[in-house]
Q: 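Sending over a structure as structure tokens; questions will come in a sec.
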Amino acid sequence: MEIKKPENIDEYIGGFPNDVQEILEKVRDTIQKVAPDAKEKISYSMPAFEQNGIVVYFAAFKNHIGLYALPSGHEAFQEELSQYKSGKGSVQFPLNKPMPYDLITKIVKFRVKENLQKPKKK
């Protein structure tokens with residue numbers, strides 16, 4: 001059986017239970033407020049925001065929301081992210097704890113600024 005890949009973020013979010021959908025929508029809104037010029041897309045089957053390159057990806061899993069701000073976004077907030085399970089370019093925010101929307105805001109602001117300093121992509 002083939003699983004249909006979402007074509008947009010609305011489809012992606014719609015594939016989760018209501019309680020997770022609410023969190024995903026709030027993560028999405030948080031990113032949109034900080035990066036209003038970023039374009040939404042699905043990349044690697046995950047919601048992504050792009051502005052002169054990828055700003056962030058996010059995704060829902062059974063027990064957490066993953067945020068992927070590429071290595072630089074995680075390195076810059078290493079101390080604040082230390083309480084969460086993380087990898088080189090990812091962090092896991094548990095679904096059974098309050099979502100750190102303020103921290104997500106800071107990370108996205110950092111990534112937008114970083115992307116805007118790069119030469120424009122063609």
Q: So do the side chains of L103 and Y84 get within less than 4.5 Å of each other, counting heavy atoms only?
A: yes
Q: Going hydrophobic residue to hydrophobic residue with side-chain gaps under 4.5 angstrom, can you get from L70 over to V55?
A: no
Q: If you round to the nearest 0.5 Å, how far is CG of L81 from NE2 of H74?
A: 7.0 Å
Q: If hydrophobic clusters are built by linking Ile, Leu, Val, Met, Phe, Trp and Tyr wherever their side-chain heavy atoms come under 4.5 Å apart, do V34 and Y57 end up in the same one?
A: no
Q: Identify the heavy atoms of N115 and G53 that sit nearest to each other, and give their distance.
A: ND2-O, 3.1 Å
Q: Give me the atom names and distance for the closest heavy-atom approach of Q51 to A38.
A: OE1-N, 3.6 Å
Q: Walk me through it: do K33 and T105 pass the test side chain to side chain contact (heavy atoms under 4.5 Å, CB included)?
A: CA-CA 8 Å; K33 283 179 186 150; T105 296; over 6 Å; no
Q: Any chance you could measure N52, atom CG, to K39, atom NZ, to the nearest 0.5 Å?
A: 13.0 Å
Q: Less than 4.5 Å apart, any side-chain heavy atom of K113 and any of Q117?
A: yes
Q: Measure the acute angle between the ring planes of F58 and F49, then classify it against the limits of 30° and 60° as parallel, tilted or perpendicular.
A: parallel
Q: Please round to the nearest 0.5 Å and tell me the distance separating atom CD1 of I65 and atom CZ of F16.
A: 7.5 Å
Q: Distance to the ring centre below 6.0 angstrom and angle to the axis at most 45 degrees; does that hold for K26 and Y101?
A: yes
Q: Tell me the closest heavy-atom pair linking Y12 and A60, and the distance in Å.
A: OH-N, 2.9 Å
Q: Which heavy atom in H64 sits nearest to a heavy atom in G66, and how many Å separate them?
A: CD2-N, 3.7 Å
Q: Within the side chain of R111, is there an N or O that forms a donor-acceptor pair under 3.5 Å with the backbone of I54?
A: yes
Q: How close do D10 and N8 get, heavy atom to heavy atom, and via which atoms?
A: N-OD1, 3.1 Å
Q: Is any side-chain heavy atom of N96 closer than 4.5 Å to one of N63?
A: no
Q: So how far is it from E11 CD to I13 CD1, rounded to the nearest 0.5 Å?
A: 11.5 Å
Q: Verify the cluster assignment for M46 and V56: are they in a single hydrophobic cluster under the rule of side-chain heavy atoms below 4.5 Å apart?
A: no
Q: Is any side-chain heavy atom of K5 closer than 4.5 Å to one of I42?
A: no
Q: I need the single residue from I31, V27, I9 that forms a side-chain contact (heavy atoms from CB on, under 4.5 Å) with P47. Which is it?
A: I9
Q: Any chance you could measure N18, atom CG, to I23, atom CD1, to the nearest 0.5 Å?
A: 11.5 Å
Q: Provide the closest heavy-atom pair for F61 versus L95 in the form atom of the first, atom of the second, distance.
A: O-CD1, 3.6 Å
